[in-house]
Amino acid sequence: MKETLLLTKHMRENPENSHLIDVYEKNNGYSAARKVLKDNNPGDVIEEIKTSNIRGRGGAGFPTGVKWGFLAEDQERYLVINADESEPGTFKDRILLERDPHQLIEGIIVTSFASNISKAFIYIRGEYAKPARRVQDAVEQAYEKGYLGKNIFDSGKDLDVVVHLGAGAYICGEETALLNSLEGRRGEPRLKPPYFPAVKGLYNKPTLVNNVETISSVPWIINNSGKDYAKLGVEGSTGTRIFSLSGHVNNPGNFEIEMGCSFGEFIDTFGNGIKENKAVKAYIPGGASAPWFTGDQLDIKMTIDDVANAGSMLGSGAVVVMDEDTNLVLAAKSIVSFFAHESCGQCTPCREGTTWLEMILDRIASGRGRTSDIDLLLDVCDNISPGLTWPPQMTTICPLGPSAVSPITSLMGSFREEVESLLPKKVLINNE
Amino acid sequence: MSWDSKLIDRAKEIIELYPQKRSALGPLLYLAQEKEGYIDDDSVVEISKLIGITEVQVRSVASFYTMYKQEPSGKYLLSVCKSISCEINNSREVIDNIKEFTGLANNETDIESTFTFEEVECIGACGGAPAVQVNYETVEGVTPPKALELCKYLKEEVPEVIVADDLQDKFGGIKSFDWAIEDNSGTSSTAPGFQIIGTSEEK
Ligand SMILES: Cc1cc2nc3c(=O)[nH]c(=O)nc-3n(C[C@H](O)[C@H](O)[C@H](O)COP(=O)(O)O)c2cc1C
Ligand code: SF4
Ligand code: FES
């Protein structure tokens, strides 16, 4: 099994200077942008993206061409690149920002042209200061060359790109929270409907919000074809995807592969096995929001649909491996604490529920648990996400609340005994 | 302290980038963070005037985000990740060591204003767990003993500009990916170093 390099090819071949515009151009860079601006047929570009069948890489897996297709008509429309990457386990956008910023900018040019947009924002999480500097340098190089600004590539079209730094709030990855944040407000998700920023987004204008990896894929699709892209991977999960592998593996990192192999193969081949040759106890297939799989489920295929059918999600493409000695109560607590900390506080079940879950897990982990705690945990979960089904039902404005439920249902579903062993035994009264 | 004309000019340039003034609020809060080490009352007043929103509105946004500090921070902001990949790779020992060296609990600043210590959520360096940031510059693969050395270095050498690559060479270990490109840029304040805000520096 090998990597298939589309998005990470240029950076691999020019490790020390892939971020410079001249080097990028020498390797066929900006040819997709040149081509679409010369052909001057936006409809064709959207068709090509639709044919590629690429689905968004931000987590939800929404078909990108379809999203572009329903951007509402308006004089003023915006493109916003979601570079808020904060889902624990995920660091794949970071490599694209740091090591191939021009690929992203070229994707932005093509996307903006296809959707008749003349202002784009790249919203980068504040903790990614270094990647943001790289991207800003690249934006400035592109302005100098006339690839951004007025009359780009002498096409008569204008395009401005602004790099905007977030300030430490995971919830701003949720697209409507991101837009509020970009408007200078608290990063609180907006009530739906309207369901899509494509109808009412930034400043209430039609707005495309796409992930860094999604838009970085656009130049390849244009240079080759949507059809060629669709040939990679499997149906429903076409193309390549950069998976971030971390946890107890010997060789963590980002690996770009065609979707479709099994998690076991992926972990063995690229992760180079588990540290100290231990066994896998559990793993997270798609970032902290995703329900876990057990070490017995390593043959599940890495596609959006296979993972969904098995009761979890491929999400942001972050695989976190936990070995046989992992204290899963502490692992669950870490994830629940994350969501408790990152809850924006608008919805009571999320704000209060996640805090309670954190407190109860904390007391179980430190040996102060109560016999009733498992029921209590599940009851709180049920208030956040009624029925504890997958995909989750919601009592909240956004999916962050239900995400905190994932580690607990995983824990109770497959590792209940481990939790029970930390609790006092049930006391039998009157020899009942 | 109120803002001098140079700072106000910088703020106005930032405001120009956006279709609506209010969008510049985030970057302007970073100007305050750079200048004072936190969001001070005078800056709130200046920003509210520049953007045309109330002071309460400015505070309400500033208090929402963890990177805007509501109290003065030390010269070096040490942020240690405690999210899942770091948690299962021994970040707790890194945290314990830093706490012991600095004598600080979570979210505290020492009396000399050298260090502010905080436990943070995932900083996108999970492949290089455990990961630490100093003034938002990432160091990956920081072992517990290296964490101590890092603190000692900052305290004794008092570097002016914090550069991720520099700290990584000295105190880092396993990385999320090959950084590959040589980099000399960083920051000299507890605001992230970024050209547009005017906080990035070369070493
Ligand atoms: C709580 C939450 C956090 C999210 N975080 C991110 C993120 O960090 N990056 C991202 O691209 N999408 C994130 N998303 C998904 C976005 O809302 C949105 O679907 C995505 O940016 C669309 O881009 P895509 O279609 O290219 O995937 C998040 C969603 C939720 C509910
Ligand atoms: S679910 Fe949580 S994070 Fe999402 S809007 Fe409600 S309170 Fe905010
Ligand atoms: S979990 Fe620590 S950097 Fe991501």
Side-chain angles (χ1 to χ4, degrees), chain A residues 11 15-19 76 85-91 94-95 98-99 119 125-130 132-134 136-137 162-170 181-187 203 244-248 252-254 284 288 318 320 322 326 330-331 334-335 337-338 341-342 344, chain B residues 17-27 29-30 51 53 57 60-61 64-68 79 82-89 120-129 133 135-138 164-165 174-183 185-187 192-197 199-200:
Chain A
M11 68 173 79
E16 280 127 44
N17 50 19
S18 56
H19 61 308
E76 206 183 321
E85 184 165 77
S86 319
E87 177 88 15
T90 319
F91 47 94
R94 183 176 145 215
I95 198 172
E98 262 186 56
R99 293 190 48 190
K119 183 116 190 167
R125 66 178 301 190
E127 295 89 340
Y128 277 8
K130 179 178 156 186
R133 291 196 292 274
R134 252 319 131 65
Q136 179 60 26
D137 280 344
V162 174
V163 182
H164 183 94
L165 216 54
Y170 162 75
S181 179
L182 189 50
E183 288 181 5
R185 300 172 200 282
R186 293 164 72 92
Y203 313 124
S244 299
L245 177 60
S246 68
H248 293 138
N254 285 316
I284 310 176
V320 182
M322 299 183 262
T326 311
L330 285 180
S334 166
I335 297 178
S337 301
F338 171 80
H341 184 257
E342 299 303 328
C344 82
Chain B
L17 295 171
Y18 297 93
Q20 295 188 7
K21 277 186 174 182
R22 185 164 176 164
S23 283
L25 176 52
L29 286 168
Y30 278 136
I51 294 191
I53 56 178
Q57 284 172 314
S60 145
V61 172
F64 184 85
Y65 299 91
T66 55
M67 290 174 68
Y68 305 127
S79 318
K82 65 179 177 74
S83 291
I84 185 68
S85 302
C86 292
E87 149 73 29
I88 64 175
N89 276 303
V120 296
E121 301 297 349
C122 180
I123 47 181
C126 332
Q133 291 198 316
N135 294 356
Y136 302 113
E137 295 294 301
T138 302
D165 293 57
I174 190 167
K175 287 186 274 198
S176 294
F177 51 81
D178 182 358
W179 293 7
I181 300 160
E182 242 181 81
D183 201 309
S185 62
T187 179
F194 182 48
Q195 300 92 320
I196 291 191
I197 308 168
T199 45
S200 68

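Being a predicted model, the structure only gives us computed values, none of them experimental. Order of the sequence lines fixes the chain letters, A, B, ..., with proteins taken first and strands second; residue numbering starts at 1 for each chain.
Counting heavy atoms from C-beta on, the side chains of B:Pro192 and A:Leu165 come closer than 4.5 Å. Contact check for A:Glu183 versus B:Leu25: no side-chain heavy atoms found under the 4.5 Å cut-off. At a threshold of 4.5 Å between non-hydrogen side-chain atoms, the residues B:Ile88 and A:His248 count as touching. Residues A:Met11 and B:Ile181 have side chains not in contact (no heavy-atom distance under 4.5 Å, counting atoms from C-beta outward). Side-chain contact check for B:Ser176 versus A:Asn254: every heavy-atom pair is 4.5 Å or farther apart. By the 4.5 Å heavy-atom criterion applied to side chains, B:Leu17 and A:His164 are not counted as neighbours. Side-chain contact between A:Val162 and B:Tyr18 is present, with at least one heavy-atom pair separated by less than 4.5 Å. When side chains are defined from C-beta on, A:Val163 does not count as touching B:Gln195, because their heavy atoms never get closer than 4.5 Å.
The two residues A:Ser246 and B:Ser85 have their closest heavy-atom pair at OG-OG, 2.8 Å. Minimum interatomic distance between B:Gly124 and A:Arg94 (heavy atoms only, all atoms of both residues): O-NH1, 2.8 Å. Between A:Ala167 and B:Tyr30, the shortest heavy-atom distance links the atoms CA-OH, 3.2 Å. The nearest pair of heavy atoms linking B:Glu121 to A:Ser337 is OE2-O, 3.9 Å. Across all their heavy atoms, A:Tyr203 and B:Ser23 have their closest contact at OH-OG, 2.5 Å. Counting all heavy atoms, side chain and backbone alike, A:Arg133 lies closest to B:Gly193 at NH1-O, 2.8 Å.
B:Ile51 does not touch chain A: none of its heavy atoms, backbone or side chain, sits under 4.5 Å away. With a 4.5 angstrom heavy-atom cutoff, A:Ile335 touches chain B only via side-chain atoms. Only the side chain of A:His341 comes within contact range of chain B, judged by heavy atoms closer than 4.5 Å. Contacts of A:Gln136 with chain B are made by both backbone and side-chain atoms, with heavy-atom separations under 4.5 Å. Looking at B:Ala129, neither its backbone nor its side chain comes within 4.5 Å of chain A, counting heavy atoms on both sides. Contacts of B:Ala125 with chain A are made by both backbone and side-chain atoms, with heavy-atom separations under 4.5 Å. Contacts between A:Glu87 and chain B at a heavy-atom distance below 4.5 Å involve the backbone alone (N, CA, C, O). Heavy atoms of B:Glu182 lying under 4.5 Å from chain A belong exclusively to its backbone. Residue contact with chain B, scored on non-hydrogen atoms closer than 4.5 Å, involves the backbone of A:Ser86 exclusively. Heavy-atom distances place no part of B:Ile53 under 4.5 Å from chain A, backbone and side chain included. For A:Tyr128, the part sitting under 4.5 Å from any heavy atom of chain B is the side chain, from C-beta outward, and nothing else.
Options A:Glu76, A:Glu342, A:Glu127 differ in how many heavy-atom pairs under 4.5 Å they form with chain B, and the most are formed by A:Glu127. Counting heavy-atom pairs under 4.5 Å between each of B:Ala164, B:Ser60, B:Ser83, B:Ser200 and chain A puts B:Ser60 at the top. Among B:Ile196, B:Val120, B:Thr187, the residue with the largest count of heavy-atom pairs under 4.5 Å with chain A is B:Ile196. With respect to chain A, the highest number of heavy-atom pairs below 4.5 Å among B:Ile174, B:Asp178, B:Leu29, B:Thr138 belongs to B:Asp178. Ranked by non-hydrogen atom pairs under 4.5 Å with chain B, the options A:Ser18, A:Ser244, A:Gly247 are led by A:Gly247. Between chain A and the residues B:Met67, B:Gln133, B:Lys21, the most heavy-atom pairs under 4.5 angstrom are made by B:Met67. Between chain B and the residues A:Asn17, A:Asp137, A:Thr326, the most heavy-atom pairs under 4.5 angstrom are made by A:Asp137. Annotation: maximal heavy-atom pairing with chain B below 4.5 Å, among A:Thr90, A:Ile95, A:Val320, occurs at A:Ile95.
Not a single donor-acceptor pair under 3.5 Å links the side chain of A:Tyr170 to the backbone N or O of B:Cys122.
Ring orientation note: the planes of B:Phe177 and A:Phe91 are close to parallel, at an angle under 30° on the 30°/60° scale.
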